[in-house]
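Worksheet: one structure, shown below.
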Protein chains: 2
Amino acid sequence: MRTYSISEAAKKLNLTVYTLRYYDKEGLMPFVERTPSGTRLFKESDIGALKIIECLKATGMPIKEIKSFIDWCSEGDSTLQQRYDMFMERKASVEAQMEELRKTMEVIEHKCMYYKTALDAGTEDIHKNDKVGSSITN
Amino acid sequence: MRTYSISEAAKKLNLTVYTLRYYDKEGLMPFVERTPSGTRLFKESDIGALKIIECLKATGMPIKEIKSFIDWCSEGDSTLQQRYDMFMERKASVEAQMEELRKTMEVIEHKCMYYKTALDAGTEDIHKNDKVGSSITN
DNA sequence: ACTTGACCTAGAGTTAACTATAGGGATTAA
DNA sequence: TTAATCCCTATAGTTAACTCTAGGTCAAGT
């Protein structure tokens, strides 16, 4: 069974070795084994687990909460409910973030059009008779 | 023309007065006027401008870059191209973020189903014969 | 045996974006 | 006129998530 050094793992995950060691220090990787002399050996499944950790980070979850999840995983079936609840919360959070991004996108697209028009006219004055009249708000 | 105190403006924007003063210090609000004794007076249009600033923040733009945009606004028509380019960049960035959130959501939803099944069965062992077999990666 | 390069830990430093405190001034109600 | 409640500045402190340095170990090649 192939293993990876910390720098190989970092490359596969698009992280730095500093970050991986930091995650380890924060208790996010209790499953990564070591050689007798202390060098970390990353298994394929460890890379997979780290991808899940990256996924949780992408939902905006702080590292301390991710650690709770890792701890629950080590505790076994008695924490299944917590883990399920956690993922349902993450799902709701991602849905909310998507909704906010959609609203943000509407404003940004409006601004793109505003500046396209102004650029074609050579001046922002083209928008002078809009309901509100500021280069920042329109 | 009605104006708002800093605490009223903060309430309208769901920010703290600390944050608003911080933004001012960072040069994000050169348009906000003051009373002779130095108290800030927020016009309706200032609130609007701050909403745009919050919108840019929501795209992940750092405050220093938002300041460039505010500076460009003060410089007039000669910066129209920069401002247009900036909003087009923001648009691309938001699109990329939405795509990443979509991918994240797929993984999270998979995990929700994984834990629903495990919870119904009372044990994670129900997933023992999946391709890869870890409580973290499945 | 010796050098090289990757690994290790402990701990210090960085950055962004707040958040809070201290000390003081102005406006309003009693 | 005095107390409360806002406002102000300057500056210090906080937090998260890295990022880096110093000093040392270890395995492989020459």
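All chains are named by letter (A, B, ...) in the order of the sequence lines, taking the proteins before the strands, and each is independently numbered beginning at 1.
- Residue A:Arg21 places none of its side-chain N or O atoms closer than 4.0 Å to OP1 or OP2 of C:dT9.
- In the set C:dC7, C:dA17, D:dA17, the nucleotide with an atom closest to the side chain of A:Ser7 is C:dC7.
- Counting non-hydrogen atoms of other residues, nucleotides and ligands closer than 6.0 Å to CD of B:Glu33 gives a total of 12 or fewer.
- For A:Lys64, taking side-chain heavy atoms from C-beta onward, the closest of the listed nucleotides D:dC18, C:dC8, D:dA16 is D:dA16.
- D:dT9 atom C1' lies 15 Å from atom CD of B:Glu26, rounded to whole Å.
- Relative to the side chain of B:Lys57, the nucleotides C:dC7, D:dC7, C:dC18 differ in distance, and C:dC18 lies closest.
- For B:Lys25 and B:Tyr22, the positive end is not near the middle of the six-membered ring at less than 6.0 Å and at most 45° from its axis.
- The distance between atom CG of A:Leu20 and atom P of C:dT9, rounded to the nearest whole Å, is 12 Å.
- Two residues, A:Ser37 and A:Lys25, neighbour DNA chain D, and the one matched to the more 5' nucleotide by heavy-atom proximity is A:Lys25.
- Note that the CD atom of B:Glu124 and the CD1 atom of B:Ile126 stand 11.5 Å from one another [nearest 0.5 Å].
- Distance A:Glu65 CD to D:dA16 P: 11 Å, rounded to the nearest Å.
- You'll find that the side chain of B:Tyr18 is closest to C:dA20, out of C:dC18, C:dA20, C:dA16.
- Ranking C:dC8, D:dC7, C:dA6 by closeness to the A:Arg34 side chain, first place goes to C:dC8.
- Spacing between atom OH of A:Tyr23 and atom P of D:dA16 amounts to 14 Å, rounded to whole angstrom units.
- Across D:dC7, C:dC8, D:dA16, the shortest atom-to-atom separation from the side chain of B:Thr39 is found for D:dC7.
- A:Thr35 comes within 4.0 angstrom of no nucleic acid atom, judged by non-hydrogen atoms across all strands.
- B:Met29 places its CE atom 13 Å from the C1' atom of D:dC8, with the value rounded to the nearest Å.
- Rounding to whole angstrom units, OH of residue A:Tyr22 and P of C:dT9 are separated by 16 Å.
- Taking atom CG on B:Leu41 and atom C1' on C:dA26, their separation rounds to 13 Å, with Å as the unit.
- Atom pair A:Leu56:CG and D:dA17:P shows a separation of 12 Å (rounding to whole Å applied).
- Picking from C:dT9, D:dT19, D:dT9 the nucleotide with the shortest atom distance to the side chain of A:Thr19 gives D:dT19.
- Nucleic acid contact class of A:Arg40 (heavy atoms, under 4.0 Å, all strands): sugar-phosphate only.
- At most 12 heavy atoms of other shown residues, nucleotides or ligands fall within 6.0 angstrom of atom CD in A:Glu100.
- At least one donor-acceptor pair under 3.5 Å links the side chain of A:Asp46 to the backbone N or O of A:Lys43.
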